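Below: one structure, written as structure tokens.
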Amino acid sequence: MRRDPGEQVEQDLPASKPSDQRKIPFAERLTCTIDEACQATGLGRTKLYELIGAGKLDTRSVGRRRLVLVSSLQALLDVNCSSASGKERLG
């Protein structure tokens with residue numbers, strides 16, 4: 001069956017994407033991507049991967065995707081923010 005190029009075809013599209021229905025605040029999320037962790041912290045990818053390798057940042061792999069646990073990211077930053085003496089540092 002051939003269609004006329006000018007003919008419009010109706011498609012069954014969802015009313016809205018699931019992400020449009022409710023946006024979860026970053027602090028309440030369970031995980032984030034490496035790029036999102038970079039944006040949230042201001043750190044570069046290399047530094048994040050160094051922290052992951054050093055065991056200071058927890059991640060989970062799902063398929064080929066690596067996700068950073070937001071609680072781990074917050075704990076890392078809380079330790080660094082609360083240490084007034086400067087003994088606990090990122091790098």
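Since the structure is predicted, the reported quantities are computational estimates derived from the model, not experimental observations.
- Remark: Q39 pairs with no residue by the side chain to side chain donor-acceptor pair (under 3.5 Å) rule, at least two apart or across chains.
- Every residue two or more places apart in sequence or in another chain was checked for a side chain to side chain donor-acceptor pair (under 3.5 Å) with R60, and none qualifies.
- Between I52 and Y49 there is a side-chain heavy-atom pair separated by less than 4.5 Å.
- Partners of I24 according to the side-chain contact (heavy atoms from CB on, under 4.5 Å) rule, which considers only residues two or more places apart in sequence or in another chain, are R22, E28, R29.
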For T33 and V68, what are the C-alpha separation, side-chain angles and deciding distance, and is it a side chain to side chain contact (heavy atoms under 4.5 Å, CB included)?
CA-CA 6 Å; T33 64; V68 178; over 6 Å; no

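- Partners of R66 by salt bridge (Lys or Arg N to Asp or Glu O under 4.0 Å), not counting sequence neighbours: none found.
- For the atom pair CG (L51) and CG (D58), the distance works out to 11.5 Å, reported to the nearest 0.5 Å.
- The minimum heavy-atom distance between K56 and S72, with the atom names listed, is O-OG, 4.1 Å.
- Looking at residues two or more places apart in sequence or on another chain, you find a side-chain contact (heavy atoms from CB on, under 4.5 Å) between C38 and I34, R45, L48.
- The list of salt bridge (Lys or Arg N to Asp or Glu O under 4.0 Å) pairs with a residue in residues 67-76, not counting sequence neighbours, is empty.
- For the atom pair OG of S71 and CG of L76, the computed distance is 11.5 Å after rounding to the nearest 0.5 Å.
- Connection of L69 to L77 is not established within any shared hydrophobic cluster, with ILVMFWY side chains joined at heavy-atom distances below 4.5 Å, either directly or through further cluster members.
- Other residues sharing the hydrophobic cluster of V62, ordered by chain and number and joined by side-chain separations under 4.5 Å: L67.
- Across every non-hydrogen atom of V70 and T31, the tightest pair is CG2-C, 3.7 Å.
- The shortest distance between side-chain heavy atoms of K47 and T41 does not fall below 4.5 Å.
- Rounded to the nearest 0.5 Å, atoms CG (L73) and CD (E36) are 11.0 Å apart.
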